[in-house]
Amino acid sequence: MAANAAVSKDGLFIPLIDFSEFLNGNASTRQKTAEAILKGFQDAGFIYLKNHPISQETVKHTFDMSANFFAQPLEKKAALSWTTPQANRGYVAHGREKVSLLKDNAEVEKVRSAVPDLKESLEIGRDDEEGHPNNWPSEEGSIVGFRADMVSFFEQCKALHVQVMRAIAMGMGFEETFFDRFVDVGDNNLRLLHYPEVKSDVFNTPGQVRAGEHSDYGSITLLFQDDRGGLQVKSPNGTFVDATPIEGTIVVNAGDLLARWSNDTIKSTIHRVVEPPRKEGTTYPSRYSIAYFCNPNFKDLIEALPGTYATEHEKKYAGINSGDYLVQRLTATY
C-alpha cells in the first residue's frame with residue numbers, strides 16, 4: 001500500500017495515513033494500512049493520521065478551553081503547580097520545564113537558565129489514579145465544564161492509543177489485541193500547551209527555541225497542532241524538517257519506550273518547536289498545541305518483543321518497568 005506523503009524532504013518521509021481504512025476496512029485493507037503505519041514508525045518515527053475517530057468539533061472545543069485556561073491570571077494557574085515526577089500533574093510555568101537530550105540534572109539546569117523553553121503547560125493524568133489527583137482549576141466564567149471536557153478528551157485519546165497499538169501489532173505479525181493488556185489502564189498524560197506571543201528578536205539568542213530538541217518518553221504521542229507551525233522533525237541526514245500542520249490530522253510519533261520495546265526496529269525521532277515561519281511584523285502570535293503522551297501501563301515490564309531479535313545477545317536493552325522509566329526521564333526534565 002503506497003502511502004501519501006505528509007512530509008517528504010532530506011530523506012525524511014512521513015506518511016499520511018487514512019486511519020478509517022484500518023478502523024472500517026476489510027481484512028486486506030486493514031492489514032495493508034497496519035503495515036503502512038508500522039513502516040512509518042520504522043522509517044521516520046512519525047506518521048500523520050487523517051479520518052481518525054476524534055471529531056474536529058471536539059478538537060476545536062478542546063483548543064478553545066485550553067486557550068481559556070491559559071488566559072487566566074498567573075496566580076490562578078500557579079496555584080495548580082506541578083509537583084513531582086511521580087504525579088506529573090498540574091501547571092508548568094514558563095521556564096520550568098526544559099526538554100532536551102540531556103540526562104544529567106545539573107546540565108539540564110544550566111541550559112534551562114540560559115535559554116528556557118518559551119512555553120507553559122497544564123499536565124492532566126488519568127482522573128482515577130489513587131494518590132495522584134489532578135490539579136483542576138476552579139470552574140467559573142470561560143472554563144465552566146473544563147474538567148468534564150478534558151476527561152472526555154482524555155478518554156477519546158486513550159481509545160485511539162489502543163487502536164494505533166492494534167495497528168502496530170498487526171503490522172508486526174502479532175494478534176491484533178497483543179498490546180491491549182499493556183495499555184488498558186490508561187497511564188497516559190494529556191498536556192495542554194501554550195507558547196505565548198513573543199517578539200521575533202527573542203529568537204536572535206543562540207539556541208533559543210520554543211521547545212528544545214528531544215524525543216518523547218512513552219509508547220506513542222498524539223499531537224494536535226494549530227495552524228501556526230514551528231514543529232520540526234530531524235531527518236536521517238541530520239537536518240530539521242518542518243512538520244507542517246495539515247488540517248484535520250493528528251501527528252503521531254513513537255516514543256523511547258516503544259523504540260526500546262521494539263529493540264530499536266521502531267524509531268523514536270528527535271524533534272523540536274522553533275521560531276515559526278517568519279512573516280511580516282515583529283511579533284509572533286500565541287501558538288497552542290495539545291499532546292497526549294501514551295505509555296504502557298506503569299505496572300508493566302517492557303522487554304524486547306518477540307521477532308525483534310534472534311538470540312538473547314541481540315537484545316539491546318534489559319527489561320525495565322514502565323513507570324520507573326517514566327519517572328527517571330521526568331526527573332531529569334523538570
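Keep in mind that what you see is a predicted model, and the values were worked out from it rather than measured.
- By the side chain to side chain donor-acceptor pair (under 3.5 Å) test, Ser322 pairs with no residue at all, sequence neighbours left out.
- A salt bridge does not link Arg147 to Glu139: none of the charged side-chain nitrogens sits closer than 4.0 Å to a carboxylate oxygen.
- Side chain of Asn263 to main chain of Ala304: no donor-acceptor pair is present (N/O by atom type, distance under 3.5 Å, no hydrogens or angles).
- Between the Thr62 side chain and the Thr58 main chain, a donor and an acceptor come within less than 3.5 Å of each other.
- A salt bridge between Glu123 and Arg191 is present, with a side-chain N of the basic residue lying under 4.0 Å from a carboxylate O of the acidic one.
- Taken from CG in Leu16 to CG in Asn4, the straight-line distance is 6.0 Å, to the nearest 0.5 Å.
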| request: Would you please test Arg89 and Glu129 for salt bridge (charged side-chain N to carboxylate O under 4.0 Å, His left out) and show each step? | output: CA-CA 11 Å; Arg89 287 159 166 79; Glu129 184 177 358; 3.0 Å; yes
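- Atom CD of Glu75 is surrounded by more than 12 heavy atoms from other residues, nucleotides or ligands within 6.0 Å.
- For the 3.5 Å distance criterion, the side chains of Asn253 and Asp216 qualify, holding a donor opposite an acceptor.
- In this structure, Glu155 contributes its side chain and Val151 its backbone to no donor-acceptor pair below 3.5 Å.
- Side-chain atoms of Cys294 and Thr221, non-hydrogen and from C-beta on, never get closer than 4.5 Å to each other.
- At least one side-chain heavy atom of Pro137 sits less than 4.5 Å from a side-chain heavy atom of Leu80.
- Pairs engaging residues 38-53 under the salt bridge (charged side-chain N to carboxylate O under 4.0 Å, His left out) rule: Lys39-Asp43 [sequence neighbours left out].
- Side chain of Asn134 to backbone of Gly125: a donor-acceptor contact under 3.5 angstrom is found.
- Among all heavy-atom pairs drawn from Thr331 and Pro85, the shortest one is OG1-CG, 3.5 Å.
- Cluster annotation: Phe293 and Tyr91 are assigned to distinct hydrophobic clusters (Ile/Leu/Val/Met/Phe/Trp/Tyr, side-chain heavy-atom contacts under 4.5 Å, transitive).
- Cluster annotation: Val162 is connected to Met165 through the hydrophobic network of ILVMFWY side chains, with a link wherever side-chain heavy atoms come within less than 4.5 Å.
- Tracing side-chain contacts under 4.5 Å through hydrophobic residues (I, L, V, M, F, W, Y), one reaches Val273 starting from Leu193; they form part of the same cluster.
- Enclosure of atom CD in Gln56 by more than 12 non-hydrogen atoms of other residues, nucleotides or ligands within 6.0 angstrom is indicated.
- Asn295 and Asp187 are not linked by any side-chain donor-acceptor pair at a separation below 3.5 angstrom, with hydrogens and angles left out of the test.
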| query | Could you walk me through whether Glu21 and Lys32 pass the salt bridge (charged side-chain N to carboxylate O under 4.0 Å, His left out) check? | reply | CA-CA 9 Å; Glu21 294 190 345; Lys32 289 177 181 177; over 6 Å; no
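- In this structure a side-chain-to-backbone donor-acceptor pair under 3.5 Å is present from Thr308 to Leu305.
- No hydrogens or angles considered: a donor-acceptor pair under 3.5 Å links the side chains of Asp127 and Trp136.
- If you take CZ on Phe22 and CG on Leu49, they are separated by 11.0 Å, rounding to the nearest 0.5 Å.
- Between Asp18 and Ser20, the side chains place a donor N or O and an acceptor N or O closer than 3.5 Å (distance only, hydrogens not considered).
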| query | Taking it one step at a time, do His161 and Tyr292 satisfy ring-ring contact (aromatic ring centres under 6.0 Å, His included)? | reply | CA-CA 9 Å; His161 177 211; Tyr292 187 81; 7.4 Å; no
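- Side-chain contact between Leu12 and Val233: present, with at least one pair of heavy atoms (C-beta onward) separated by less than 4.5 Å.
- Scanning all heavy atoms of the two residues, the minimum distance from Ala167 to Ile37 falls at CB-CD1, 3.8 Å.
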| Test side-chain hydrogen bond (donor to acceptor under 3.5 Å, both in side chains) applied to Asp149 and Ser152, step by step | CA-CA 5 Å; Asp149 290 342; Ser152 173; over 6 Å; no
| query | What's the verdict on side chain to side chain contact (heavy atoms under 4.5 Å, CB included) for Phe46 and Val252, showing C-alpha distance, side-chain angles and the deciding distance? | reply | CA-CA 6 Å; Phe46 274 76; Val252 187; over 6 Å; no
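- For the pair Asn297/Asp184, a side-chain contact is recorded, criterion being any heavy-atom separation below 4.5 Å from C-beta on.
- The two residues Phe63 and Gln225 come nearest to each other via the heavy atoms CZ-C, 3.9 Å.
- Residue Ser8 comes nearest to Ala5 through the heavy atom pair CB-CB, 4.0 Å, listed as atom of the first residue, atom of the second, then distance.
- Closest of all the heavy-atom pairs between Pro53 and Leu160 is CD-CD1, 3.9 Å.
- For the atom pair CD (Glu57) and NZ (Lys60), the distance works out to 10.0 Å, reported to the nearest 0.5 Å.
- Across Phe182, Tyr317, Tyr309, a single residue satisfies ring-ring contact (aromatic ring centres under 6.0 Å, His included) together with Trp261, and that is Phe182.
- A donor-acceptor pair under 3.5 Å is absent between the side-chain atoms of Asp226 and the main chain of Ser289, judged by distance alone.
- Contact of the Phe178 side chain with the Met170 side chain is not registered, since no non-hydrogen atoms from C-beta on lie closer than 4.5 Å.
- Contact annotation: the side chain of Met65 approaches that of Met150 to within less than 4.5 Å [non-hydrogen atoms, C-beta and beyond].
- A distance-only check finds no donor-acceptor pair linking the side chain of His132 to the backbone of Glu130 [under 3.5 Å].
- Geometric assessment of Arg272 against the ring of Phe240 yields a positive cation-pi assignment under the 6.0 Å and 45° thresholds.
- Arg329 pairs with exactly one of Asp256, Leu257, Asp324 by the side chain to side chain contact (heavy atoms under 4.5 Å, CB included) rule, that one being Asp256.
- Residues Phe224 and Ile54 are in side-chain contact: their nearest non-hydrogen atoms beyond the backbone lie under 4.5 Å apart.
- For the pair Thr177 (side chain) and Asp180 (backbone), a donor-acceptor distance under 3.5 Å is absent.
- Note that OG1 of Thr29 is 11.0 Å distant from CG of Asn24, once rounded to the nearest 0.5 Å.
- To the nearest 0.5 Å, atom CD1 of residue Ile290 and atom CG of residue Leu223 are 9.0 Å apart.
- Residues Val327 and Tyr325 do not share a hydrophobic cluster, clusters being chains of Ile/Leu/Val/Met/Phe/Trp/Tyr side chains in contact below 4.5 Å.
- A salt bridge links Arg30 with Glu176; the closest basic N to acidic carboxylate O contact falls under 4.0 Å.
- Salt-bridge check for Glu312 with Lys315: passed, with a basic side-chain N closer than 4.0 Å to an acidic carboxylate O.
- Within the 3.5 Å criterion, the main-chain N or O of Lys316 finds no donor-acceptor partner in the side chain of Asp264.
- When every heavy atom of Tyr48 is checked against every heavy atom of Ala243, the shortest pair comes out as OH-C, 3.1 Å.
- Between Lys9 atom NZ and Ile14 atom CD1 the span is 12.0 Å, to the nearest 0.5 Å.
- Counting heavy atoms from C-beta on, the side chains of Val164 and Phe19 come closer than 4.5 Å.
- Residues Leu74 and Phe69 fall within the same hydrophobic cluster, defined by Ile, Leu, Val, Met, Phe, Trp and Tyr side chains chained together at heavy-atom separations under 4.5 Å.
- Between Tyr288 and His194, the ring planes are parallel. Angles under 30° get that label, and only those over 60° would be called perpendicular.
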